[in-house]
Structures are given as structure tokens and as C-alpha cells.
Amino acid sequence: MQKRDNSIVMSISSLTEPQRQAATHVDGPALVLAGPGSGKTRVITHRVAYLIEQGIHPFGILAITFTNKAAEEMRNRLRTLQVPRGCTICTFHSLAARLLREFAAEAGLAPNFSIFDSADQKAAMRVSLKACELDAQNFSPGAMLARISNFKNNIETPEQVAEQYNDFYHKKVVRVYAAYQKQLHDNAALDFDDLLMKLALLLRDNSELRNKLNERYRYILVDEYQDTNHSQYQIARGLALSHENMFVTGDPDQSIYGWRGADIGNILAFEEDYPRARVIRLEENFRSTPQVLDVADQLIQANQQRKEKKLFTSRKDGTAPRLIESDNEYEEAREMAEWVKQLHQGGMEYREVAVFYRVNSMSRVLEEALRKAHIPYQIIRGVEFFKRKEIKDMIAYLRLLVNPADQISLKRIINQPSRGIGNTTLGRLFSQSEKTGRDIWYVLNHVDEVGALGGAAKTRVGKFVETIINLQNRLEDSVSEVLKKTYELSGMQAALAGEQNEESAANVEEMINSASQYEQEQENPSLADYLQQIALVSDADAYDEQAGAVSLMTLHAAKGLEFPAVFIVGVEEGLIPHTRSADSDKELEEERRLLFVGITRAEEKLCLSYARNRTVHGVSMATIRSQFLRNLSGLDFQTMETSEDSEDDFDIEPDPYESKGFSPGQLVRHPTFGLGRVSKYVGSHGDDRVTVQFNSGARKTLFLKYAKLEKLSFPR
DNA sequence: GGACTCTTGGTTTTT
DNA sequence: CCAAGAGTCC
């Protein structure tokens, strides 16, 4: 034990002064404003170790991380420091799921609730829209869910929303919101937002329970505090209400989740919320070369809505970051592979290189190029595996075993594999449920009472129910054992026996293997807990630093990671910043922060890249380089080949910065029709149309929304 | 009930 | 271009 104490003390003495201050802060609230690469993770780990060394019981410590991966990493680090186990380290969502199961009665929930993923949410929304007699054509399930998600993130119930708005649209939204919540309730299910909202409400309304949890978690740490939404803020606040031992770390410049309700105001107002708060700044960067840091700093300086912060490093000089221009995305991918190859020949390991992109769909071309160049790579997309049909089917069976009220899962697999229970039968079962007020599971168990059903159908349904009950009786077995039996008895195994289903079968096998790994690692493994864990996986969870491979991921997934070499593709208008974020300065600044996050992942080598043309929906379109590149000077601009588009009789420079309106006389370029002048402009609320007289003689009326019209101007 | 074809539209980003 | 959902036909 003495050895342990020494190692922690020694380890802490190796920290810089501000790091040490943060790590050894014990009582009361603290805000650590930690710039990129400032050793924040080290600080958090050391603080946990220090608290325990000071005699705090590990059970009293709760550390909330942004991803499961980050939690796992922290656990590993603590183990390395030989810190006694027992503290809770998890994400907000896992914490909420856990506490809501533990206090299900208080929360008015079934303890075996299902967690709905986005596909389940969509299915539930379709049912809800139908129940409200609204057409899914006019009220898109996706848009509805997004709207409702916003309300939930702000802890606003349908009743509260109804009080705020009185217009036609919101009246409909409120109805759908209420119907959707009823749908979730009937399924004994929660969606991602519910997990947070329900816990926040519970902490707000149940003071007895709140006190109990305040007592349990004496010390609370929240990482990436800049990306907490209102629910998460309220959960943290509620948990720390009595002791205020709230230690948060974050960087306003790295807030990139505003679109899902994250409120940068939470971190900016921390000192007001916790007046006793101690503020510690970690501004020294230990990760990147001065050149990389300079680019990052120049970029982020362009944001207006930020607190001034000085980034500095004592690291020695490295190489200048590069900017590569390619003709199209295929050439860009080749350039990327070439760059990786050269680094590798220079002695860099493949696992030290990462490629970031804005949207997942961009990975395919990059993969191809890497495969062609025989460069090993891994795609960081943890949720992908669980989206495969056969895996989703398995999950639906398992969820049904745990939670028979889960109709969405039931509908998914009652005829999967095919057992002759089609839409007609299903419809009759559900209308029986509606007619009698009995839940669907009861109806299934009493098919004889369903008059509308034929004898053959009754037998088939009866056999299905028998299978499910048979499996339910095995729930005491190990998780992997239940999975195996489910695979077998459901008929899925037989259905996937053929050669053409080899891959699907292998996926299920892999799932079963991962389940046995799960039960070895877990202290109290259970099917419900296993399902919860896989429902809450994130893309970042798939990152394996041991794999000797180049990592490909979205800029969002890159958060919290670092690599010696980073390549960012598609630094173009429409991607970075994304078209959907062009509406407001607020969104634009978040896009800039996103690029900032990407750049600051790089330790030594950084390369930004854009292509002059890119295929969108199968059509190659001319692009404009990102306006953010304007914020950067001193980049070594490497042009691969000059464009052959000689239609430029004069030197034309695309000007995306004042592209709000296309007034008559405006010079434009269209990817297929070429150069032209706007002769007429008709604005009609999002469906703006322009009539363009093209140089080719053609005269076209185009929807601004769809036509990739490029606004041109003469050089000043 | 199930397989097949046609239509539509386009999710940034993720728990 | 491609995936998902709706519609159609056996």
C-alpha cells in the first residue's frame, strides 16, 4: 500500500503548477478551463487518485465522461496508478439508465425498460403520427423527433410546451409529443433524451432521493462540460446540491454539440452558478508543435463569441502544416494515401495517423484509396455494427425477453425469420389489444380469445409465444448462453445457415463472443445491463489504439483523441462549414470550433485538404474552398495541378462571403450550364428561385436550394 | 403472406 | 447514386 501512496505523490509532483493545483483541489466547486492538449485527462485521473489518497472512499466519487471509451480509458489509467477500485466512471446516459433502473418505482417506470435507438424512435413516431391522424408525408417523423428532442433536452414536458405556444403548428407538435410519450410508455421504453430528462425531473421533484444521491456521490467530476445540455446540467446540479463538490473541466472553444442541445452557456456561467468556484486555467499545450498550434489559434481567433485565451507551448519546432488542393475527391483520397505512405516510410506507425472528415459518407472513397495503397485502416464507427439487420433482430429478441411490452421489438421479429405471421394477423392482434384494452403481450398469450383469427394463425402465434417464454425461463443463465439459445430457438441460426448469409452469421457469432467478454469484465452481468450498454455505444468506442492501422473518423468522433499526424479532408464550403449550418453566426462559429478540434488533435504533422469538385448525390459539383482557410495564413499551399477550366476569360474568384442574395446582374457559375448572369430573382421563403441567362444561350429558372449556383465576383 | 418493383428524397454531426 | 418505404402482383 505504501508503494501506491508513493507512486501517486511522485506522479503528482511531475505535474505543472496549474495542473497540480487542479489535481489537488479537494473541497468545493472548481472550474478547469483546459485548452487542447493541456493534460486535462492526467489532471482528472490524478485528482481521483488524490481524493482517495486523502481518505475519500472510492464509492463516493462519480466521474462523468463524454464517451464510454473515455470512461474505460480513465479506469485503465487509475489501475496503472494502482488506485483502489470502486469509483463510478460513466457517461451521463449510462448513469441515468442505471439510476432510473435502481429507482424505477420512484420514477414511475418499469425497471426493465427498453432503450430506444433512433430507428426505434422513428418507428414509434410513425405509430404516434398515425394515432394523431397526421400524414407522415407532411409531418416528417425525423423533423418531429428533432423538435421533440429539443424540448426534452430543455426538460419541457408536452404540458409545458402547450403553455408556451398557441399557434397551429405547435398545437400539432404538442399532440404528437404527447402521443409519442404515450407510445414510449406503452412500450415500457425510454429514448436517449428521456434517460436524461427523467433523471433530471426525478432529482428536481424527489428531494428525499436527491438527498440520498447527494450523500452517495460526495465528489463529482464532469469532463467536457462545455458540451452538456440543460438536462445534463440539471442532473449534475441536482447531484451536487448539498455539497457542491463539483469539479468540471472543459474548453468553450471545443464545444461542438450545440446542435443536440449542448449549451455552451453552462460552462460560461459556472462561476455564477457556483459562486464559491475556484477557476483554474490550463493554457500550456503539451501536444502540438508551435506550427500546429499557430494554425489552430489563428482559426479560433476569428470567433467573436468567445473568451480570449492564450495557447502556448514550449515544444520545439516541427514542420509546417500543409494545404492540398485536388481536382476531385478521388484525387484527394490518393493524395491522402500518398501522404500516409510517405510518413510511414519516414518511420511513422500507421496507428499514429488519423484522417478526419465531416460526414460519414465521405469515408468510402478514402477507404478505397487506402485499400489500393495497401495501407491498413480502421473506421471509428462503433454504432455501425449494431445497425446491421441480423444484430438488430437479435437485440429485438433479447429486448422482448426482458421487456415483453416492447411492441417495436415484437413487430420487428414476430415474423423474422418468416413463420407465417404477416401484417394481417399482426393487425388483428393489435386491434384486439386496442378493443379489449389489454396489452399486446396478454393478447398473444390468449390467442384463443381473438375471434378474428383463424386456427392456423392461432397455432403459429402460439408457437412463437412458446419460444419466447421458453427463452424467458432461461434468463438466469449467463448472458452469452441466453444469446446462443435465442439465436438457435428463434430460428435465426437456421435461417442464416446458407452460404450467402455467411457474413450475417459471423456477425451474430461475434455478438455472442462479445457478450461472453462482457460477462467476464462485468461484476454483475445481466441481460438488461448488457442491452443497456450496447444501446449506449458511441462511435468513439470503436477506437482501438493498439490496432496498427490508420484511423478514419468524423471530426466529432475525434474529440478527446490525439495523433502524431492528422489529415483533414473536404475543407470546403458546404462541408466545413456545413450547408446546414450556414444560417446563423452561432452555427458558423460552432463549425469553426469543429475544425479547431480537428486541427488540435495533431501533434506534429497536419494536412488540410480540399477538392475543386466533389460528387454529391451521384453528381459531380464544383466546390468552393472553405471560408475558414481565409482565417489561416502561413499554410504551405500545395496545388497539385492547375485546373483546365478555361472558361475563365478573366480571373474570377468565387466569393462565398456575401452570397446571401442573388440580385439581377449577379455573375454566377453552374456546374453543368457554366457561366451566366442572374436576370430575375424570386424569393419565396426557402424556395428562392433565380432565372439565369447563361453564356451558352440557355435560359434557366433554378431553385437556389438545389442548384449549386456559385456566386462570382471580379477581383478587387 | 411474401417477393419484387417503383418512387422519393437526401439525415452533417450522436447519445 | 442509393437506401428506405410504399405499392403491386402472384
Side-chain angles (χ1 to χ4, degrees), chain A residues 64-71 90-97 115-119 121-123 126 136-137 140-143 145-146 149 152-153 190-197 224 227-229 231-232 255-262 356-365 380-384 386-387 389 414-427 454 456-457 460 532-542 553-559 570 572 574-582 587 590-591 593-595 597-598 615-621 705-706:
Chain A
I64 301 172
T65 55
F66 195 73
T67 61
N68 297 306
K69 183 77 193 171
C90 61
T91 64
F92 269 109
H93 282 90
S94 315
L95 177 76
I115 298 173
F116 273 7
D117 69 12
S118 23
Q121 283 178 279
K122 227 173 183 173
R126 282 178 195 283
Q137 294 286 322
S140 104
L145 283 167
S149 175
K152 288 188 178 181
N153 284 330
L190 298 182
D191 66 16
F192 296 126
D193 301 319
D194 275 341
L195 290 172
L196 302 176
M197 181 173 79
E224 309 282 8
D227 278 321
T228 49
N229 63 28
S231 299
Q232 292 167 325
S255 163
I256 55 175
Y257 282 93
W259 52 272
R260 71 169 201 215
F356 303 151
Y357 38 83
R358 183 60 226 273
V359 292
N360 280 302
S361 60
M362 293 167 77
S363 72
R364 250 182 50 186
V365 176
I380 314 307
R381 193 138 168 72
V383 295
E384 198 181 52
F386 297 99
K387 289 209 166 131
K389 186 188 170 298
I414 193 165
N415 202 29
Q416 195 61 244
S418 170
R419 46 175 76 87
I421 307 175
N423 281 333
T424 316
T425 307
L426 201 57
R460 293 190 206 116
Q532 177 177 308
Q533 282 208 15
I534 61 177
L536 299 176
V537 286
S538 64
D539 278 350
D541 297 342
M553 68 191 87
T554 63
L555 283 159
H556 283 89
K559 170 168 159 158
E572 295 152 22
L575 283 171
I576 320 175
H578 198 274
T579 340
R580 302 280 288 230
S581 300
E587 287 175 322
E590 180 158 311
E591 294 289 307
R593 290 195 294 268
L594 186 60
L595 184 56
V597 166
T615 311
V616 184
H617 301 322
V619 195
S620 179
M621 303 271 205
K705 218 165 45 174
Y706 301 115

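Numbers restart at 1 for each chain; the letters A, B, ... are given by sequence-line order, proteins then strands.
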Rounded to the nearest Å, what distance is computed from the [atom1] atom of residue [X] to the [atom2] atom of nucleotide [N]?
X: A:Glu224; N: B:dT13; atom1: CD; atom2: P; value: 20 Å
X: A:Glu384; N: B:dT14; atom1: CD; atom2: P; value: 12 Å
X: A:Asn360; N: B:dT13; atom1: CG; atom2: P; value: 5 Å
X: A:Tyr257; N: B:dT12; atom1: OH; atom2: P; value: 14 Å
X: A:Glu590; N: B:dT14; atom1: CD; atom2: P; value: 13 Å
X: A:Ile256; N: B:dT14; atom1: CD1; atom2: P; value: 9 Å
X: A:His578; N: B:dG10; atom1: NE2; atom2: C1'; value: 10 Å
X: A:Arg358; N: B:dT12; atom1: CZ; atom2: P; value: 9 Å

Shorter than 3.5 Å, N or O on both sides, protein versus nucleotides 1-4 of chain C: list them out with atom names.
none

Between B:dT12 and C:dC1, how far is it from one P atom to the other, in whole Å?
->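 Looking at atom P only, B:dT12 and C:dC1 are 23 Å apart.
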
Applying side-chain contact (heavy atoms from CB on, under 4.5 Å), name anything that partners A:Thr91, two or more places apart in sequence or on another chain.
->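 Per chain and number, A:Thr91 pairs via side-chain contact (heavy atoms from CB on, under 4.5 Å) with A:Thr65, A:Asn68, A:His93, A:Ser94.
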
For A:Val383, all residues meeting side-chain contact (heavy atoms from CB on, under 4.5 Å), sequence neighbours excluded =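 A:Val383 satisfies side-chain contact (heavy atoms from CB on, under 4.5 Å) with A:Arg381, A:Lys387, A:Val537, A:Asp539 only.
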
Under 5.5 Å and under 30°: A:Trp259 stacked on B:dT13 |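 Taking the rule of under 5.5 Å and under 30°, the ring of A:Trp259 does stack on B:dT13.
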
Check salt bridge (Lys or Arg N to Asp or Glu O under 4.0 Å) between [X] and all other residues, then give those that pass, not counting sequence neighbours.
X: A:Glu224; answer: A:Lys40, A:Lys559
X: A:Lys389; answer: A:Asp393
X: A:Lys152; answer: A:Asp191, A:Asp194
X: A:Asp541; answer: none

Which is true for A:Phe66 with a 4.0 Å heavy-atom rule: it touches a base, it touches only sugar-phosphate, or it touches nothing?
->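 Nothing, no nucleic acid heavy atom in range.
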
Heavy atoms under 4.0 Å, any strand shown: does A:Glu591 hit a base, just sugar-phosphate, or nothing?
->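 Counting heavy atoms under 4.0 Å across all strands, the contact made by A:Glu591 includes a base.
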
Taking all heavy atoms of A:Lys122 and all of A:Pro141, pick out the closest pair and write down the distance.
->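 That closest heavy-atom pairing would be CG-CB, 4.2 Å.
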
In terms of the nearest nucleotide of DNA chain B, which residue is placed more toward the 5' end: A:Val359 or A:Gln121?
->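 The residue closer to the strand's 5' end, by nearest nucleotide, is A:Val359.
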
Report each atom pair, protein N/O against N/O of nucleotides 1-4 of chain B, whose distance is under 3.5 angstrom.
| residue | atom | partner | partner atom | Å |
| --- | --- | --- | --- | --- |
| B:dG1 | OP1 | A:Gly422 | N | 3.1 |
| B:dG1 | OP1 | A:Thr425 | OG1 | 2.8 |
| B:dG1 | OP2 | A:Asn423 | N | 3.3 |
| B:dG1 | OP2 | A:Thr424 | N | 3.0 |
| B:dG1 | OP2 | A:Thr424 | OG1 | 2.9 |
| B:dG2 | OP1 | A:Ser418 | OG | 2.3 |
| B:dG2 | OP2 | A:Asn415 | ND2 | 2.6 |

Would you please name every residue forming a side-chain hydrogen bond (donor to acceptor under 3.5 Å, both in side chains) with A:Glu591, sequence neighbours left out?
->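 By the side-chain hydrogen bond (donor to acceptor under 3.5 Å, both in side chains) rule, A:Glu591 matches A:Arg358, A:Ser581.
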
Any N or O donor-acceptor pair linking the side chain of A:Arg580 to the base of B:dT12 at under 3.5 Å?
->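 No.
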
Between the side chain of A:Asn415 and the main-chain N/O of A:Ile421, is any donor-acceptor distance below 3.5 Å?
->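 Indeed, once roles are kept as given, a pair shorter than 3.5 Å links the two residues.
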
Hey, is the side chain of A:Thr554 poking within less than 4.0 Å of OP1 or OP2 on B:dT14, counting only N and O atoms?
->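 True: A:Thr554 side-chain N/O within range (under 4.0 Å) of B:dT14 OP1/OP2.
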
How are the rings of A:Tyr257 and A:Phe66 set relative to one another: parallel (under 30°), tilted (30 to 60°) or perpendicular (over 60°)?
->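 Aromatic pair A:Tyr257/A:Phe66 classed tilted.
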
